[in-house]
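One structure below.
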Amino acid sequence: MTTTRASVPLRVAGLSWRVRPRGVAVTVGGLLALALLMALNMRLGDLPLGLADVVRATFDPSVPEHFVVMELRLPRALTGALVGAALALSGAIIQSIARNPLASPEILGVTTGASVTVVAGVVMSGSAYGGVSGLFSALGIPALALLGGLAGAAIVYALAWRRGLDGYRLVLVGIGVAAVFTNVKFWLLTVGDVNDTGRAMVWISGSLNGRGWEHVVPVGLALAVLVPLTLLGTRSLDALRYGDDTVTALGVRVNLARALMLLAAVLLAAVATASAGPIAFVALAAPQIALRVVRCAQPPLLSSAVTGAVLATGADLIARTAFSPIELPVGIVTAVLGAPYLIHLIWRARS
Amino acid sequence: MRLQAAGVTLGYGDRIVVDGLDLGIEAGTVTTIIGPNGCGKSTLLRALGRLLKPRGGEVLLDGKRIDGMPTREVAKVLGVLPQAPTAPEGLTVADLVARGRHPHQTWYRQWSSDDEGAVALALEMTGLADLAERPLDELSGGQRQRAWISMALAQGTDLLLLDEPTTFLDLAHQVEVLELVRNLHQEAGRTIVMVLHDLNLAARYADRLVAMRGGRVVAAGSPHEVLTEELMREVFELDAKVIADPVAGTPMVVPIRPLSRP
């Protein structure tokens, strides 16, 4: 793999940074692509709109299209973009800490934990097990997912901890716990009522169908708080790639830095999963795509987040329109879209 | 006393490696710790560099408890080069050396002209300026070791702990690294503590030798005082002749046979 030291110093008064022009270009380019996809998302659908119609519908509440754009398409597209960004950022952090490109929020027990609680909630609140419905149905699916995601991560973390946190151990424990969760999920799906499990399956695949402003706000808030914090942690994250002794010698509190960054990753993934279900592959592929396009040694956080947003938004556009009026779960399209591109990038790097 | 271990007990898991050890490092000296494999010398060095927390006792840096000080502040005065350090893949020499500036940087001051100057100087001192843009993986063992030392130098600390800085190096490169250490000591007045396996080189390049066995300090003092035939038997279980090094005049060990197999 090639790495470039293509960074230029940027110094203003006593302040100084190293800026990677390629990273800036990819981030800006990604944001432009995202804007384009969002605009397309506003226009396309059962009710095709021209660009002028979209603009009018956005600002004029009296036209009938206002509801379509402002209550249906915009919140859904925003949820997709924000969830994609959050998952990708989470994946970038986890891959850096585990020093493993295959690590993702799934490894941390977040998505599988969320799946188990949601399936349990949906199945148990159904007709077959009517008795236990109260608590589960009151919490609602997003709260259930958030709870399950955080609990799953806590279990993995507790099992992986042994006088410190080792990336390799974390991945192994994570795979084991994910396998257990996945089997519990399948067991619940087999014992559940067919109608309930059908609903649960849509959520498990990751869907943006019917997402409204109530889904945009939590992810938006989480990103607003966590993105600046993780960017501040970038330097520690970079340093954590070295051996523990080397990093400690450099004055980094290894376990604290690792725990804080992992916590941020867990929160991002849990909030994203609560909003849209475990959308597959974004957290795994977006950081690796960004890393290869920017040509650096480890997933660049900001570029990864933008890549994730583009991937999720693009995937949702296809999921919504390709087989209209049938909608695909977005999680299926992200994998179909992201996998070939990632394979292409890896293939190209071989020569 | 720059750095001091006061009654430290060190271990991993259930195993105690060093029990109640005292050692003081004077400012401006080169101290070399010697001893057989498993005697606890690397463990002691890790504790001195706050990479390992003592079970008992304390390590004092300039008279203050090292684990009570912010680790970042420690990193500005104390550099440690661990044994067999690992770097991420695909790094260039310049990337590695620049990492040494970490304790001096903040998110708003990530690459000052001070940083740039310190890195350039460190590369210069280790003779790596021409290799700066080369990937670390492509270097020879000796060059790679110099790159790591260069990183520790870029950290700009006047106290340096080096754990076996000459392992994997041929004799010429070993001497080269130790000459560099001597220069750092003589020209910049740095205080250096290292762990070395080669006794003859240790005697030649150290002001003070510390001989360890079984987690205890058996002898400490000038190479002439420490490196005796009696000590070779007691510490290394080796029957040996100690003569004067014809070049430097320091003690030189000529092994005869291990004591256990007469």
Side-chain angles (χ1 to χ4, degrees), chain A residues 1-20 95-101 162-164 167-168 228-257 291-292 295-299 349, chain B residues 12-13 42 45-46 49-53 69-96 98-116 132-133 135-137 148 151-152 155 157 160-161 163:
Chain A
M1 194 171 70
T2 56
T3 46
T4 49
R5 243 169 56 72
S7 64
V8 290
L10 177 69
R11 299 200 177 105
V12 186
L15 313 181
S16 59
W17 291 273
R18 290 181 101 164
V19 182
R20 202 184 279 276
Q95 287 173 7
S96 298
I97 286 181
R99 298 180 192 136
N100 189 329
R162 202 173 61 184
R163 273 181 284 118
Y168 191 62
L229 289 180
T230 50
L231 290 181
L232 279 181
T234 307
R235 280 178 4 92
S236 298
L237 200 62
D238 269 351
L240 285 174
R241 294 157 65 212
Y242 291 75
D244 284 6
D245 274 1
T246 307
V247 190
T248 310
L250 289 172
V252 177
R253 295 163 75 182
V254 176
N255 281 326
L256 181 73
L291 171 153
R292 282 173 172 77
R295 292 194 193 142
C296 53
Q298 83 166 351
Chain B
Y12 303 96
S42 281
L45 197 81
R46 293 187 71 223
R50 56 96 171 75
L51 304 183
L52 181 69
K53 205 174 153 60
M69 299 167 72
T71 177
R72 196 187 162 87
E73 296 308 311
V74 174
K76 289 179 183 169
V77 288
L78 171 73
V80 191
L81 181 58
Q83 195 175 12
T86 53
E89 270 176 56
L91 216 62
T92 65
V93 174
D95 285 335
L96 177 72
R99 180 57 59 187
R101 299 302 295 167
H102 193 91
H104 303 275
Q105 296 165 332
T106 54
W107 68 270
Y108 56 83
R109 208 176 56 230
Q110 296 189 1
W111 192 237
S112 67
S113 32
D114 280 357
D115 294 333
E116 205 167 314
E133 298 305 320
L136 207 58
D137 321 325
W148 280 101
M151 167 183 159
Q155 204 175 327
T157 60
L160 261 180
L161 310 186
D163 196 351

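Reminder, nothing fancy here: chain letters follow the sequence lines and each chain counts from 1.
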So, taking the atom named [atom1] in [X] and the one named [atom2] in [Y], what distance separates them when rounded to the nearest 0.5 Å?
| X | Y | atom1 | atom2 | result |
| --- | --- | --- | --- | --- |
| K76(B) | L250(A) | NZ | CG | 13.0 Å |
| L51(B) | D245(A) | CG | CG | 4.5 Å |
| E89(B) | R241(A) | CD | CZ | 9.5 Å |
| Y108(B) | L232(A) | OH | CG | 11.5 Å |
| Y242(A) | H102(B) | OH | NE2 | 10.5 Å |
| W148(B) | T246(A) | CH2 | OG1 | 4.5 Å |

Do you know which two heavy atoms are closest between [X] and [Y], and how far apart they sit?
| X | Y | result |
| --- | --- | --- |
| R235(A) | R99(B) | O-NH1, 3.9 Å |
| A249(A) | Q155(B) | O-NE2, 3.3 Å |
| W111(B) | R18(A) | CB-CG, 3.3 Å |

Need one label for [X]: side chain, backbone, both or neither, based on atoms under 4.5 Å from any heavy atom in chain A.
| X | value |
| --- | --- |
| L96(B) | both |
| Q83(B) | neither |
| T157(B) | neither |
| P82(B) | side chain |
| R46(B) | side chain |

If I measure from the heavy atoms of chain B, does R11(A) come under 4.5 Å with its side chain, its backbone, both, or neither?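 The side chain, not the backbone.
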Identify which part of D238(A) has an atom lying under 4.5 Å from any heavy atom of chain B, answering side chain, backbone, both or neither.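 For D238(A), the contact with chain B is made by backbone and side chain together.
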Backbone N or O of W17(A) within a donor-acceptor pair of the W107(B) side chain at under 3.5 Å? no
For the interface with chain B, which of V254(A), T248(A), V12(A) has the highest count of heavy-atom pairs at distances below 4.5 Å?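 Heavy-atom pairs under 4.5 Å are most numerous for T248(A).
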Under a 4.5 Å heavy-atom cutoff, which of P85(B), P103(B), S112(B), A75(B) has the most pairs with chain A?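 When all of P85(B), P103(B), S112(B), A75(B) are compared, S112(B) has the most.
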Looking only at T106(B), L81(B), L78(B), the option with the highest number of non-hydrogen pairs under 4.5 Å against chain A is T106(B)
Heavy atoms from other residues, nucleotides or ligands near CZ of R253(A) exceed 12 (cutoff 6.0 Å):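 No, not enclosed.
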